[in-house]
Amino acid sequence: MTSYLLRRLVYALVILLAVNLLTFMLFFVVNTPDDMARMQLGSKRVTPEAIERWKQEKGYDKPRWHNPEAPGIEQFTRTIFFEKSVRLFLFEFGNDIDGRSIRGEILDRAGPSLALAVPVFLVGLALNVTFALAMALFRASVLDLWGVVVCIALMSISSLFYIISGQYLVSKAFALVPISGFSGGWDALRFLALPILVGVAAGIGSGTRFYRTLFLEEMGRDYVRTARAKGLPESAVMFRHVLRNALIPILTGVVAVIPTLFMGSLIAESFFGVPGLGSYTIDAIQSQDFSVVRSMVYLGSVLYIVGLVLTDISYTLVDPRVRFE
Amino acid sequence: MSSPLLRVEGLVTTVENGSGPRVPVIDGVSFDVRRGETLALVGESGCGKSMTALSLVRLLPDAAQAVAGRVLLEGVDLLGLPEAAMRDVRGRRMAMIFQEPGTSLNPVLTLGEQIGEVLRRHADPGSRATERSRVIELLQSVGIAEPAQRVDEYPFQLSGGMRQRAMIAMALALEPDVLIADEPTTALDVTIQAQVLELLRDLQRRRGTAIVLITHDLGVVASMADRIGVMYAGQLVEVATRKAFLSGALHPYSRKLLAAIPAFARRADGLAVIRGQVPAPGTVWSGCRFADRCEEVLSSCRDALPTLIGDAERHAVRCFRAVLGEGVDLPAADPTLMLREGEVRRDAIVAEALHAAAQPDARKPLLVLEGLRVHFPIRRGLLRRTVGHVRAVDGVSLEIGRGQTLALVGESGCGKTTVGKAILGLTAATAGRVCFDGEDLAQLGRSALRRYRRRVQIVFQDPFGSLDPRMQVSELVKEGLRAQSIGISEAERDARVRRLLDQVGLPASAMRRYPHEFSGGQRQRLAIARALAVEPDLIVCDEPTSALDVSVQAQVLNLLRELQRALGLSYLFITHNLAAVEFIADRVAVMYLGRIVEEGAVQAVLRDPRHPYTQALLSAVPGVGEQSDRIVLAGEIPSPVNPPSGCSFHPRCPKAQPACREQVPNAIRLADDHYAACQLLAPRSAL
Amino acid sequence: MKIVLLWSDGLLWGLVLVGLLLVTQVRRHEHLAVPWRRVGQSRVAMACLPVLLFFVCVGLLDSMHFRPQLERAPGAAASPGTAVAAPAAPVYSVEVLSALDQVLKTLRASRERTYSAPLATHAYVKESIDRPDGTTVREFPRLAHAGMGLAAPVTPASVAADLLERGAIGALAGGGGWMLVMLLLAWVVRGEGGLLAIVRDTTSLRWRAALAALLVLLVVTGVLGAWALEYHVLGTDKVGQDVLYLALKSVRTALVIGTLTTVVMLPLALALGIAAGYLQGWVDDAVQFVYTTLNSIPSVLLIAAAVLLMQVFIDGHADLFQTTAERADLRLLFLCVILGLTSWTGLARLLRAEALKLRELEYVQAARALGVSSLGIMAGHVARNAMHLAIITLAMEFSGLVLAEAVLSYIGVGVDPSMISFGSMINAARLELSREPAVWWSLAAAFSFMFVLVLAANLLADAVRDAFDPRVAGLRGAR
């Protein structure tokens, strides 16, 4: 197990290195810092001096890979690659365009992001699994057939529609909760109720359909027939046998997603004015703040890989076949 | 005579058929089973055997439904019971064992949980502790070693045979009145099958359980059944006691099934075959459902459906010839009609031996294996270091002469398939040599290897997995021609394909069709045609008939023999089916855990087995003769990762001596062409 | 008129050509046709067919581009002196139009000043209007291109009567067209019993469902079309553009994104997924590494980063593009490429797993034993037998991509702002609901067009999955 985890960790580092190289290529090789400066400064004030000044301010005035003028080891550390990419490994993200520490921003914004993402995820999961179980239990009945159609219809609606119409109906037409905004403490609930509702509603179609397929697949297996041959009632077959087996992919899938919840949800946050990482990312994209985008790419990769490792670990915990290997 | 425990009357089960009307798959089946009796339902696949079993316990798939008839368990009609009452019957009064113990057990629950569940469902087992001890008792009673430990294990930690024992423990937990066993040993090896059948017999003797045994294996039937029901196209065509059935089956279908079983004595004439194939559900019949395939068909057979005539307790048959009292010209004098009837006439053996000797070049070997080893590394740890080897093949030396058939026999996991792959160059040999016609396979370069592939070909077991479902037949057969650049023009290749199809007995019209349009047997013919296309000298036949019904198996075996005679082919016939070996092989090698334990002329090895493993293997094959000295091997094949020291068979060997543990036995020459690797057979002086 | 072939036009028509070729192939090979016939036996799928065909036709019409020749001053052409002179080189408009624009000429030209509600005859907001008598009043001004044929005092009743009359004519026209199609179809399936068989739904493919959907579609189109000649059926937006026109123009963008992305994705996924699964060893390691790396980057961020870079490139090389349409088209294509690059991993993973399974199958072993090369086996056996996965994935991916376009354009990393798409429509209208009174029709139009398109695609994809996926077939049997 430990050797396995070690191997995973080494692999994760290699992947992060690749991610870093890829983003570095995208941001500094395909487009030069000059292009970036020109875009940031706007076309009106572009003079070579202004560009140089901008680059110097932001620390983009060094060579990319290798600095022959610097002494010793600094030949490699006083470069854009080292300062902008390698430091990401230490979670030193630098400052954003307004000069604030990106790390500080991330720490501040993770809370609101989680306050929205976690309830959406948990409530959504509970509802999806429940609906899927009901549909699988009454498979091929009217409930199931229409359930599938409703799921597909729900899936066909743009997430933007859920947000916009939810906002319009609940906050404007019925004036139940504030349209947007955020505050700390219990007051947050008032602000979060609507985004959570919208988030859950948006995911219900695809989620329910996915779990229903999972359950049906499990129900077609031979051991289900064996369980029935024992004389077990259908509910026992469903909960003791089918659910128990289906829980393995459900749980491991959940574990893979949990770390990425940190990243927040892009559109919902910016729409509802939640000061989380999602809206931070959107703002950065719209203001073309590359250092924030790069940091978020890195953070996202780290969280994804953590999810991968957690998935592997959770398999060994819940699946006896893997546990005893 | 006591009233029957289970009585089935006029059972009709139908299945959905797309948007069309429902189609019957069981059409008026009636039979009785008494306490302590075993009724076997036999027939080819697609005859409705399993559907019958599932109808009895009402566990049919959603698309199927029992629509008429009665299933009376001590007078209570199960089909009329509400579902809740039926659940009380399942598991307590009627239990079931399925074919695949691997998938039929819940993979994430321990044996204790799964077996305890039955106890809890139907009876109050009291405390957890008493439930647990009862489960342990049950595991013990089905012969699972260390039951107190096994009770907390998961199914995947058990071998196939052990899983089936656990299934049996589960089924018999509440001592049901009726046990329905649907192909309980089909997925198991023959020595394990012998163990499981022995267990079922033993449990039945002690508890008086009635067993409905579903099987396609007439050998199993002969060793287990008290009465036999033959099913064809959803109907029972013959019901008889075992004795009556084996000594005088009346229905032409039953007789053909029996005559299709390969045996040594049938080598000269070939095996009986049933033309055509099992009709699909939904076929409309006007008369006897077997009429189209029957060689003794009367004109009346096509007009009306015969009824089951006779006393179902002793012998009843659904055939107009029986009605007419024609006695149905039973070839009672033909000893070949009986299963492994014991001694075959000596002159037959002599004639066969003469025939083998007369083969051209039989003595100059075509293929020689010298100390072949194939080891697969096991990698573990951070750096994926090799920590051990799976010794799939561990020192095999063999010879195959020109025009000869060598059968390689053994149970699953013994390495016989790996030998075949190594010969084809699909798996690299770790050590030893594969010499074909004087050339060492390992020395061949790329193009030489491609040329070599023209000379050695393969036919696989699964007629559905071995043909690409998306290729037309002509493309399939041409694949080898293209790869080997045989034939210049497409027309030339087409002509060749037509000739090949003709050779394997398929019409030229098959060329533009796709594999799924053919039956299992026809597909196996296609696979043979594909192999023949490149004109090989040697064909490795890897279990070519194991997935086929007995009548279809007969067709394929006949074809292989004819082709050998016509083209002078050599075969390496890999199988676990000893009856097929008897029919087709000249020489036989028995393999155990990567090594050859006995080798020699087929009649020498099969009639006079000397190695204890061969003896056990032969005795495990179920047959009619009441062998008093039935050897049932204990335990299972050990893992090839860590084979036992010395003679790898010693842990299971009933005759093992202390010396066997230490010394790897060498092959000992017992007769002109008969070798065995067992120290006990060595001359005294060698020990 | 100068024909303009945009890159995406060429690719889209190329795709249509490939599609037609594939259809003839499928028709010729029974085993390929079988699953498609199963699709055709699904009523839902057949009902989706006319809807999707309608969208495809709109999109293809909108993919035939040209630049109209600018008319010279009419006086100059009439003067006899210039008639004999050598004609000057024709001058073309910088505006690129499409055949669809030509069909919807009235919609495109009938521009109002600002918002107007669906089917309204007056604007949505009051304006100060100078009366001829010199006074200024604030009232809802009469629209310039709506209800022109109505008599002077326009009352709700007169509008309703006009709409009813026009609607009836439109519905009749739609119904008439439907009758023609039905008769044509009856002739096509005359072997199966013709019209009667369709009515009884006993045809092998569920034509009745398709016809029913077509009837609804044609009648709705007829009614809307009849109204659109004289009204703004879905209102106008902030700058007075007809919303129906915008919605129809958005269809092409959605189709291009949904289809051309797969052109990028499919070859990558097929080649890498199958090679990884079949060849194993270092190829497998490398492919797995690449797709784990790509997967680990949040796809929105990767797309955003790439699109931002693209923007930088376009800004720096403005001289490369003759028209805005060409620039927008390049950005659209680039978006497809980026979406393809981020979405091939899922399919590649499935194909790799399938190739792993297939390589152990006996027909692959048999091919190796016959001396067929690895490449031959991968192309001849593995790819062919894993194709159902590709088909299922492509069908399901389409709707996802259409939805993704809206989100990306909304964030500002989607299509060029000058390109009409569902996303840019929503983006432009994002704050309209909070106006007082709310302007809802732009959003409603974008969402409902998108919903119909995506729903039809999703339902068809579901039927395709049912027909192609052997596992689903197994589930069906167990039911």
Side-chain angles (χ1 to χ4, degrees), chain B residues 15-16 18-19 60-64 417 420-421 423-427 446-447 449-454 456-472 475-486 512-517 527 530-531 533-534 536 539-540 542-543, chain C residues 25-26 28-35 37-38 40-43 197 200-206 208 281-282 285 357-388 391 468 470 473-479:
Chain B
V15 294
E16 285 170 11
S19 49
L60 287 165
D62 291 355
T417 294
K421 286 193 174 172
I423 291 172
L424 285 153
L426 294 176
T427 301
R446 241 180 122 91
S447 60
L449 188 66
R450 212 164 64 96
R451 279 197 303 278
Y452 170 75
R453 299 210 186 281
R454 277 191 71 162
V456 181
Q457 271 305 309
I458 185 159
V459 173
F460 287 102
Q461 166 178 7
D462 178 8
F464 290 89
S466 63
L467 303 175
D468 188 334
R470 302 193 189 271
M471 276 193 172
Q472 277 182 347
E475 266 183 285
L476 273 168
V477 180
K478 266 186 238 167
E479 191 175 23
L481 300 179
R482 292 216 176 98
Q484 297 289 348
S485 323
I486 301 172
R512 298 273 159 257
R513 288 156 70 193
Y514 287 91
H516 68 85
E517 298 171 58
R530 174 178 60 188
V534 294
I539 298 184
V540 175
D542 190 356
E543 305 260 14
Chain C
Q25 277 295 310
V26 166
R28 212 175 295 154
H29 293 280
E30 180 58 21
H31 68 292
L32 296 175
V34 165
R37 210 167 293 139
R38 263 202 303 266
Q41 278 155 10
S42 150
R43 287 194 188 89
R200 288 185 182 153
D201 209 12
T202 55
T203 45
S204 63
L205 304 183
R206 301 281 179 213
R208 192 174 71 177
W282 68 267
D285 291 342
K357 238 186 297 168
L358 290 173
R359 78 192 292 268
E360 299 304 326
L361 279 191
E362 293 179 339
Y363 58 81
V364 172
Q365 302 273 333
R368 284 178 64 198
L370 285 166
V372 182
S373 66
S374 289
L375 201 65
I377 291 176
M378 281 193 276
H381 292 290
V382 182
R384 270 206 238 188
N385 283 288
M387 208 38 98
H388 68 279
I391 291 171
F468 279 82
L475 292 181
R476 238 194 340 255
R479 240 180 258 161

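Just so it is clear: chains get the letters A, B, ... in the order the sequence lines come, proteins before strands, and each one is counted from 1.
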Item checked: Max heavy-atom pair count under 4.5 Å with chain B, selected residue of C:Leu358, C:Asn385, C:Val364, C:Leu32 -> C:Asn385
Next item on the list: Could you check if a side-chain atom of C:Gln365 sits within less than 4.5 angstrom of a side-chain atom of B:Lys421, using non-hydrogen atoms only?
Entry: yes
Next item on the list: Check whether B:Arg512 gets within reach of chain C through its side chain, its backbone, both or neither, counting any heavy atom under 4.5 Å.
Entry: neither
Check: What distance separates B:Phe460 CZ from C:Leu361 CG, expressed to the nearest 0.5 Å?
Finding: 10.0 Å
Check: Which heavy-atom pair separates B:Gln484 from C:Gly371 by the least distance, and what is that distance?
Finding: NE2-CA, 4.3 Å
Checklist line | Greatest number of heavy atom pairs closer than 4.5 Å to chain C - which of B:Gln472, B:Gln461, B:Arg454 | finding: B:Gln461
Note to self: What I want to find out is whether B:Glu475 reaches C:Arg384 closely enough, with some N-O distance under 4.0 Å, to be called a salt bridge.
What the structure shows: yes
Item checked: Minimum-distance pair of heavy atoms, taken over all atoms of C:His381 and B:Asp468 -> ND1-OD2, 2.6 Å
Check: What is the minimum heavy-atom distance between B:Met471 and C:Gly380, and which atoms define it?
Finding: CE-O, 4.3 Å
Item checked: Minimum heavy-atom distance between C:Arg368 and B:Leu426, given as atom pair plus value -> NH2-O, 3.3 Å
Notebook entry, point to check: Between C:Leu370 and B:Arg453, is any pair of side-chain heavy atoms under 4.5 Å apart?
Noted result: no
Check: In terms of heavy-atom pairs under 4.5 Å with chain C, which of B:Gly480, B:Ala483, B:Gly465 leads?
Finding: B:Gly465
Check: Taking side chain as C-beta onward, heavy atoms only, is C:Tyr363 less than 4.5 Å from B:Arg470?
Finding: no
